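Notes to accompany the following structure.
For clarity, every value in this text was computed on a predicted model and none was experimentally measured. A note on names: the letters A, B, ... follow the listed sequences, proteins ahead of strands, and every chain is numbered from 1.
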Number of protein chains: 2
Amino acid sequence: MAGKQEGVRRAQADRRARTRSALLEAAARGLSRYGYANLVLERVAAEAGYTRGALYHLFANKEDLALAVVKWVEETWDAEVGHLVAEQTDPVDALLALARGHAVYCRRDVADVMMTLRVEFAGQDHPVGRAITDIVDRLEADCARLIAAGRGSGAIPPGPPPTVMASAYLGVVEAVGIQLAGHAPHDVELADRAVRGVLGLPPVTAGTFPPP
Amino acid sequence: MAGKQEGVRRAQADRRARTRSALLEAAARGLSRYGYANLVLERVAAEAGYTRGALYHLFANKEDLALAVVKWVEETWDAEVGHLVAEQTDPVDALLALARGHAVYCRRDVADVMMTLRVEFAGQDHPVGRAITDIVDRLEADCARLIAAGRGSGAIPPGPPPTVMASAYLGVVEAVGIQLAGHAPHDVELADRAVRGVLGLPPVTAGTFPPP
DNA sequence: CGACCTACATACATGCATGTATGTAAGTTA
DNA sequence: TAACTTACATACATGCATGTATGTAGGTCG
């Protein structure tokens, strides 16, 4: 196990990883634009600079590719938005941080992959659809807990049950993020506004937004 | 032009209209579940009690069928939600009436046809996608005017430009309508809350919702 | 440097959904 | 009731995208 051995092994592994990343990124863009059914693998490969042969060498099939994209998007989202939420101690602060963080996350062009696929596979029984609903369901449960906690402390006024609130909360967060992608800084402000509205919190008074 | 002539003519026309409606309704349900690309015309026809032959006799092709569905949904939406908005004189009341009316409209199962197709054709150049964006763009312009009017009268506090606000407003209305379909009466309440939040209006104090 | 493996391209086979052409029964008008 | 049209079903043809099988060049290791 000399240094050169690992070096060359990393060389081949790096080559593989680079092409994989290129294909993954092209697939993510393609999925967000065309969805799953209309995604043509030859275009994906061509956009990444390869052919379908490379794609089928690195991914078992179209479904496997889409699942890999979903996993990749989930990981980048967690890395960028998840920690913003985790470092908040107050549940309301956490919910507001998630909304604002997601709005910022949505400024990149692959952000609406999840939404596109979720809509396409809604009501179906497809592995890709299940992968997405699993993620969303976990997130929704987390948000429901945060809302329940906020209710318990009195920070969130009474209203519909926390699970229903969480569903509405995530819906508006997603909608604002997608509708206002590329409209900084209004994306963050309106995500904040919409979430406060759903939670029943009073609006921030003029001049105090955005907070430092 | 005796009564009998018109009678029999109405008989054949009625037959045609009934099968057309059955196919249209089946197509609407199919589109909202599977989207356009995954919609199989044989299933649509079978669900309506016919075969593809009937479908191709009444519609030129798949695209024509989808366009007819879009038109039909638009008309039912106008009939059910549009007049609620039109009879409001105050712009803020109109915006709130639209949000609440749309939430009620979304309780039927074909309500998310527009959203499904809009997502599927986003960024494409397809006639069906254009038909939808045309409708949404008109609605968005109307809402932007209402928001500008509310700003002018001071009823809506300052914030992002009306066009951006309208985009966020409609996104939120759509999201809540879809997420909370079948969760009456929370759907209406949360649509109201979300819209008030986006517009920067204070929440309704506890106990006063819903208004008569 | 010769044997082997990996990364990728090219070529082929399959399936599925659309669209079209044809057939048939029911309805309409003289 | 006979000529004609409409409403629909059945059968056929086409295209396109996936998946697989095969080929080849470059890297890897003895």
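Between B:Trp77 and B:Tyr105, the two ring planes are perpendicular [angle over 60°; tilted spans 30° to 60°].
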Using a 4.0 Å cut-off on protein heavy atoms (strictly under), produce a 5'-to-3' string for nucleotides 14-24 of chain D with B for base contact, S for backbone-only sugar-phosphate contact, and - for none. ----BBB----
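Contact record, A:Tyr169 with A:Ala99: OH-N, 3.7 Å, taken as the closest heavy-atom pair.
In this structure, A:Cys143 and A:Ser167 have side chains that are not in contact, with every pair of non-hydrogen atoms separated by 4.5 Å or more.
In this view, B:Arg138 and B:Glu74 satisfy the side-chain hydrogen bond (donor to acceptor under 3.5 Å, both in side chains) rule, not counting sequence neighbours.
Contact annotation: B:His57 reaches the phosphate of D:dA7 (side-chain N/O to OP1 or OP2, under 4.0 Å). Within the 4.0 Å cut-off from OP1 or OP2 of C:dC8, at least one side-chain nitrogen or oxygen of A:Thr19 is found.
The interatomic distance linking B:Tyr50 (OH) with D:dC8 (P) rounds to 5 Å, in whole Å. If you measure from atom CG of B:Asp14 to atom P of C:dT28, you get 11 Å, rounded to the nearest angstrom. The nearest whole Å value for the distance from the CG atom in B:Leu55 to the C1' atom in D:dA9 is 13 Å.
Screening B:Leu41, B:Leu67, B:Asp64 for a side chain to side chain contact (heavy atoms under 4.5 Å, CB included) involving B:Phe59 leaves a single residue, B:Asp64.
Between B:Arg100 and B:Asp187, no side-chain nitrogen of the basic residue sits less than 4.0 Å from a carboxylate oxygen of the acidic one, so the salt-bridge criterion is not met.
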